[in-house]
Amino acid sequence: MRVFEAVKMCEERLSGLENPTLEAEWLVALTLKVKRSEVYSHSEVGKRSEKRLLKNLERRACGEPLAYIVNSANFYGYDLFVNKSVLIPRPETEELVLTAKDFITMESSVLDIGTGSGAIAIAIKKQTNANVFAVDISKRAIKIAEKNAKNNHADIKFAVSDLFSGVKGHKFDVIIANPPYICPKDYEKLDKTVKDFEPKLALVGGKDGLELYRKIISQAPKFLKESGRIFFEIGYDQAQSVKNLLEKDFEEIVIKKDLEGNDRIVYALLKRRE
Ligand SMILES: C[S@@+](CC[C@H](N)C(=O)[O-])C[C@H]1O[C@@H](n2cnc3c(N)ncnc32)[C@H](O)[C@@H]1O
């Protein structure tokens, strides 16, 4: 099959999506393992690639995110393997890394809670060379995060752990987390492409979406060094609630918006112990 015919075929099958041409070009490019800009410099899609393309096209037409189909996502410039066991890292989360890295040096010790694909931990390690520890309650996620760290030459310690259970006895300069923060009611309203494919464990944060913040914030003082800081990604309507939770033990609480203008990051400094 000629490449332009392949793109056209995909475009027609994906006509219900927001940008069928772009989707079609991405699908062909990723199936052929070339850059999107290079798609038209190839003339033919070979028989084996064509078979793969048809399979991938059906998956995409059923709403599966492209990242899962091609097992690849890019976060902060780092290529990561992803599958349905981990959340596809989001561009908003890059803002969290960008904010936190200003407070991290190569002497810092950093804990990433709910590491998923390892996205935050890997970007922090590569950007700062700090000592990074990353945990997740999901064994499968930790396996993937380990593989991604290896592929990106990032030396990170990983542990399967329910929040802090696997890091007892350690103290950190920085705790960073993008915990599940959607409430069950909003989860039901999520786009099918998210709800039907991404892990619920990575999305729903207890009855009101704040459960994980409550647990992390109440235990964090025990795991932070003096002058330690905590950084969270939050849902667009959770800034005030998370700030209220932080006020008992933290000060200098800052709320930051993402590029879309939504509250997205909250960070704070541990209060001095008397
Ligand atoms: C929103 S995802 C974030 C993944 C990744 N850090 C990112 O930003 O792309 C939340 C992650 O928290 C993990 N998680 C959920 N409950 C947890 C718990 N009690 N302890 C540790 N990790 C948990 C999930 O398995 C999931 O990988």
Side-chain angles (χ1 to χ4, degrees), residues 65 67-68 72-101 110-127 132-149 152 154 156-168 170 172 174-184 186-187 190 194-195 197-220 223 230-236 238 242 258 264-266:
Y68 286 151
S72 170
N74 191 281
F75 182 80
Y76 216 95
Y78 305 106
D79 284 326
L80 304 175
F81 173 92
V82 291
N83 68 16
K84 285 189 197 171
S85 298
V86 293
L87 189 92
I88 300 165
R90 307 292 203 264
E92 308 88 270
T93 309
E94 295 182 342
E95 300 275 323
L96 182 65
V97 172
L98 205 61
T99 304
K101 81 174 186 155
V110 179
L111 173 65
D112 172 25
I113 301 178
T115 195
S117 62
I120 296 173
I122 292 167
I124 293 279
K125 178 71 196 179
K126 298 297 283 184
Q127 293 291 309
V132 181
F133 206 134
V135 297
D136 202 290
I137 198 166
S138 156
K139 215 171 165 175
R140 287 190 176 163
I142 287 295
K143 279 222 154 121
I144 291 171
E146 279 172 340
K147 172 185 172 120
N148 283 328
N152 283 284
I156 295 167
K157 262 198 214 154
F158 289 100
V160 176
S161 166
D162 181 357
L163 302 183
F164 296 97
S165 68
V167 295
K168 290 204 174 113
H170 288 77
F172 303 92
V174 166
I175 293 173
I176 187 163
N178 173 20
Y181 56 67
I182 295 171
C183 68
D186 290 345
Y187 177 77
L190 281 181
V194 176
K195 198 162 62 131
F197 296 98
E198 302 208 65
K200 193 171 180 186
L201 180 66
L203 294 163
V204 177
K207 283 197 197 98
D208 60 355
L210 294 164
E211 192 73 27
L212 276 280
Y213 297 108
R214 250 182 236 112
K215 288 186 175 166
I216 295 173
I217 291 168
S218 66
Q219 295 181 59
F223 294 92
I230 194 158
F231 294 80
F232 286 119
E233 178 170 325
I234 54 159
Y236 71 95
Q238 292 174 322
V242 173
D258 61 21
R264 189 59 64 197
I265 293 160
V266 176

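Counting starts at 1 for both ligands and their atoms, following the listed order.
Checked against a 3.5 angstrom limit, the closest N/O atoms of Thr93 and ligand 1 fall outside it. Considering backbone and side-chain N/O atoms, Gly114 comes within less than 3.5 Å of an N/O atom of ligand 1.
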Val167/Phe172 under side-chain contact (heavy atoms from CB on, under 4.5 Å): CA gap, chis, key distance, verdict: CA-CA 10 Å; Val167 295; Phe172 303 92; 4.2 Å; yes
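Nearest heavy-atom pair across Ala149 and Ile156 is CB-CD1, 4.3 Å.
Asp136 places no side-chain N or O within donor-acceptor distance of the main-chain N or O of Ile142, the cut-off being under 3.5 Å. Side chain of Asn148 to backbone of Phe81: a donor-acceptor contact under 3.5 angstrom is found. Proximity of a side-chain donor or acceptor of Thr115 to a complementary backbone N or O of Asp112 within less than 3.5 Å is not detected. The closest donor-acceptor contact from the side chain of Glu92 to the backbone of Asp258 lies at 3.5 Å or more, if one exists at all.
Those atoms of ligand 1 with a heavy atom of Asp162 less than 4.0 angstrom away are 18 (C), 19 (N), 20 (N). Atoms of ligand 1 lying under 4.0 Å from at least one heavy atom of Leu201, given by number and element, are 15 (C), 24 (C), 25 (O). Ligand 1 places these atoms under 4.0 Å from at least one heavy atom of Gly116: 4 (C), 27 (O). The contact set between ligand 1 and Ser161, taken as ligand atoms under 4.0 Å from a residue heavy atom, comprises 20 (N), 21 (C). The Pro89 neighbourhood of ligand 1 comprises atoms 9 (O), with distances under 4.0 Å to a heavy atom of that residue.
Ranking the protein heavy atoms by distance from atom 23 (C) of ligand 1 puts Ile137 CG2, 3.5 Å first. When only non-hydrogen protein atoms are considered, atom 27 (O) of ligand 1 lies nearest to Asp136 OD2, 2.6 Å. Counting only heavy atoms of the protein, atom 2 (S) of ligand 1 lies nearest to Ala202 O, 3.5 Å.
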Sequence neighbours excluded and cut-off under 3.5 Å, please list the side-chain donor-acceptor pairs for residues 197-213, or say none.
from   : atom 1 : to     : atom 2 : distance (Å)
Glu198 : OE1    : Tyr68  : OH     : 3.4
Glu198 : OE1    : Ile88  : N      : 2.9
Glu198 : OE1    : Arg90  : NH1    : 3.2
Glu198 : OE2    : Arg90  : NH1    : 3.1
Glu198 : OE2    : Arg90  : NH2    : 2.6
Asp208 : OD1    : Leu210 : N      : 2.9
Asp208 : OD2    : Arg214 : NH2    : 2.4
Tyr213 : OH     : Glu233 : O      : 2.6

Distance-only donor-acceptor pairs under 3.5 Å for side chains of residues 118-125, two or more places apart:
from   : atom 1 : to     : atom 2 : distance (Å)
Lys125 : NZ     : Asn129 : OD1    : 3.3
Lys125 : NZ     : Ala130 : O      : 2.8

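One option in Ile120, Ile142, Val86, Leu163 has a heavy atom closer to atom 20 (N) of ligand 1 than any other, and that option is Leu163. Within the set Asn178, Thr115, Leu203, the minimum heavy-atom distance to atom 5 (C) of ligand 1 is found for Thr115.
Under a cut-off of 6.0 angstrom, the local environment of NZ in Lys195 is crowded, with over 12 non-hydrogen atoms contributed by other residues, nucleotides or ligands.
Contact annotation for Ala141 and ligand 1: no heavy atom of the residue comes within less than 4.0 Å of the ligand. Residue Ala177 does not touch ligand 1, judged by heavy-atom distances below 4.0 Å.
At a threshold of 4.5 Å between non-hydrogen side-chain atoms, the residues Gln238 and Phe232 do not count as touching.
Residue Gly118 places every heavy atom at 4.0 Å or more from ligand 1. Contact analysis puts Pro180 in contact with ligand 1, with a non-hydrogen atom separation below 4.0 angstrom. Within the structure, ligand 1 lacks Val135 among the residues with a heavy atom less than 4.0 angstrom away.
Using cut-offs of 30° and 60° for the angle between ring planes, the Phe164 and Phe223 rings count as parallel.
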